[in-house]
Amino acid sequence: MTSNVSQPIQGTTDIVPPDIYGWQKIEDQARTILARYGFDEIRTPLIERSEVFTRSLGQATDVVQKEMYAFEDRGGRNIALRPEGTAGVMRYIAGAGPEAQDARLYYLGPMFRAERPQAGRKRQFHQLGVEVLGAPNPIADVECISLQVHLLKEWGIDNATIHINTRGLFDDQEAIKKGLKKSLEPHLQDLCKDCQRRYKVNVLRILDCKNEKCGHVVVNFLDAINDLLSDESKQYFNEVLEGLKRLDIPVVVQPKLVRGLDYYLHTVWEVMHLALGAQDAISGGGRYAIQVGSKTTEGVGFAIGLERILDVLRAGEKTNAKPTKKVDVWLASQGQDALYENLVLAYSLRVQGIRCGLDLKQKSLKAQMRNANRAGVSYVIICGEEEIVKETFLLKDMDNGTQEELNRSQLMEKLTSLQQIGD
RNA sequence: GUGGGUGUAGCUCAGCUAGGUUAGAGCGACAGGCUGUGGCCCUGUAGGUCGCGGGUUCAAAUCCCGUCACUCACCCCA
């Protein structure tokens, strides 16, 4: 079979035709929609100083602790491949002028996490992310979610469910962690092994444990958690829900929803889709506050996993990825002289905007015709020894099989006029 | 890091349970039928260290051990 050296490394993949057309399509659609919402694209580096991530995502998070590709470069600097997009954007904002403080930015590109790959999870994967800065208003969260809904609609994805929750202010989160620890202490032995570990490391994670037993324990404390939220947090969340209601966007309030990164506060949400396997979140987002240097930037945003979007589309056979045809005209030739003629002709036609396929393999005419047919062209130009002598070309109509003999200028004229009709 | 499944032609797979001549099919590729003309049809040709290494055996794609890769799931996340 394939040798190791010809394979991409584990968790990475080559994106090639026909799949690449599916990627281009969803990217084009996304850019169109994002422009309507007034977003500008930002392209930050794939590598950053490690601290850009450790400081903003949280030193204790799994993403930082065990999933980050981190290394020392030749100058002894600690570098990491970005595991997500928000931190890099915030690093940019912190160093940018005041005009950037209320930017609306999106990014699109690869992220890297050193996890065991499985369905819907690669080590190099692609996210489309959006950040709305300097708008400390629940309406901004709502607008963000509406954009997300709009994108899914544009891609043709329905049956997605939005789960939403509030984490409250940072002070609330501390109170909740304390309260939850206290409440769970007597029930520790009823929790699964993982949750006993989580109790020490990250109590909130116990809330969204998939284990049934843990769910039964946790459900009793959800109301108590809600009571620990400050009035300000409750008010904020209610306004988010009100805005969603006015836009008629259905959401499921999911008190168990916790997101893994430390920078979130107030609203958090996830979009799930049933067509996917165990990794069923196609998107996640929330409001955050990230400190870089002495400056704290607040914003709201989300990231969409593009591989997972394409998985959903494939499950519904909605990719429509294949272009109908790559070229308009195929140029077949017999002999080196004729190939030269075709080379020159193809250049002129391409300058005129006509997509040309040029047969370079010098195979039999039959084989060249077969290639032309496969390429799906409507016309083939044939140049052989006879045509060289007569200084003509044969133009064959592939739909009805007829062909006519034309000189160069007649041919150019005919094809450019056909192209205009085609447009 | 832990557990399950799978590795046979370019692709999709059969063959393995009860080891036995030259390892098959479909699709694709290439060539011919039609000596300068595509699709449809027919015929033929090429293409394989059966993932890799070791073991058992007169004999291994098949049984055993190891190893690597892919894949699904756990943890966690998009």
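Lettering follows sequence order; numbering is per chain, from 1. Note that these values count all heavy atoms, side chains included, but never hydrogens, waters or copies made by symmetry. These figures come from a predicted structure and were not determined experimentally.
- Distance A/Asn400 CG to B/G39 C1': 14 Å, rounded to the nearest Å.
- Rounded to a whole angstrom, the distance from the C1' atom of B/C58 to that of B/G28 is 41 Å.
- At a cut-off of 3.5 angstrom, the base of B/G36 holds no donor-acceptor pair with the side chain of A/Gln368.
- Rounded to whole angstrom, the span from the CG atom of A/Asn371 across to the P atom of B/G28 amounts to 15 Å.
- Between B/U21 and B/A61, the distance separating the two C1' atoms is 16 Å to the nearest Å.
- Judged by distance alone, with hydrogens and angles left aside, A/Arg370 brings no side-chain donor or acceptor close enough to the base of B/U37 to form a pair under 3.5 Å.
- A/Arg408 and A/Ser348 share a side-chain donor-acceptor pair at under 3.5 Å.
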Query raised in the report: What do the steps show when you test A/Lys25 against A/Asp28 for salt bridge (Lys or Arg N to Asp or Glu O under 4.0 Å), and what is the final call?
Result: CA-CA 5 Å; A/Lys25 185 177 176 189; A/Asp28 290 346; over 6 Å; no

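- Nucleotides B/U57 and B/U62 place their C1' atoms 13 Å apart, quoted to the nearest Å.
- Nearest nucleotide to the A/Gln279 side chain, out of B/U71, B/A29, B/C76: B/C76.
- Rounded to whole angstrom, the span from the CD1 atom of A/Ile206 across to the C1' atom of B/C75 amounts to 14 Å.
- When the C1' atom is compared between B/G5 and B/C42, the two are found 43 Å apart, to the nearest whole Å.
- Within the cation-pi definition used here (under 6.0 Å to the ring centroid, within 45° of the axis), A/Arg167 does not qualify as a partner of A/Tyr264.
- Going from the P atom of B/G39 to that of B/C30 covers 11 Å, rounded to whole Å.
- Straight-line distance between the C1' atoms of B/A29 and B/G47: roughly 9 Å, to the nearest whole Å.
- Side chains of A/Gln10 and A/Arg123: a donor on one and an acceptor on the other come within 3.5 Å.
- Taking a pair to require two hydrogen-bonding distances under 3.5 Å in either a Watson-Crick or a G-U wobble arrangement, B/U17 remains unpaired.
- Rounding to whole angstrom units, CG of residue A/Leu257 and P of B/C76 are separated by 14 Å.
- B/C63 and B/G55 make up a base pair, with Watson-Crick or G-U wobble contacts both under 3.5 Å.
- For B/U37, the base has no donor-acceptor partner in the side chain of A/Lys366 [N/O atoms by modelled type, under 3.5 angstrom].
- Both distances falling under 3.5 Å, in either a Watson-Crick or a G-U wobble arrangement, place B/G10 opposite B/C27.
- With a cut-off of 3.5 Å on both pairing distances, the Watson-Crick or G-U wobble partner of B/G32 is B/C42.
- The same atom, C1', is picked in B/G53 and in B/A69; the two are 15 Å apart, to the nearest Å.
- As a whole-Å value, the separation of A/Gln7 CD from B/G51 P is 14 Å.
- At whole-Å resolution of the value, CG in A/Asp359 and P in B/U37 are 15 Å apart.
- A/Tyr379 and A/Asp399 share no donor-acceptor pair across their side chains, judged by distance under 3.5 Å alone.
- When each of B/G38, B/G36, B/C76 is scored by its nearest atom to the side-chain atoms of A/Glu67, the top-ranked nucleotide is B/C76.
- Remark: the A/Arg205 side chain and the B/C76 base include no donor-acceptor N/O pair separated by less than 3.5 Å.
- Here the separation of B/C34 from B/C41, taken at their C1' atoms, is 13 Å to the nearest Å.
- In this structure, the CZ atom of A/Arg121 is 12 Å from the P atom of B/U71, given to the nearest Å.
- Atom C1' of nucleotide B/G38 and atom CG of A/Leu331 are separated by 15 Å, given to the nearest angstrom.
- The only option from A/Asn407, A/Asn342, A/Ile382 that meets the side chain to side chain contact (heavy atoms under 4.5 Å, CB included) definition with A/Phe393 turns out to be A/Asn342.
- Interface remark: the A/Gln403 side chain does form a donor-acceptor pair with the B/U37 base, using a distance-only criterion of under 3.5 Å.
- With a 3.5 Å ceiling on both atom-pair distances, the Watson-Crick or G-U wobble partner of B/C74 is B/G1.
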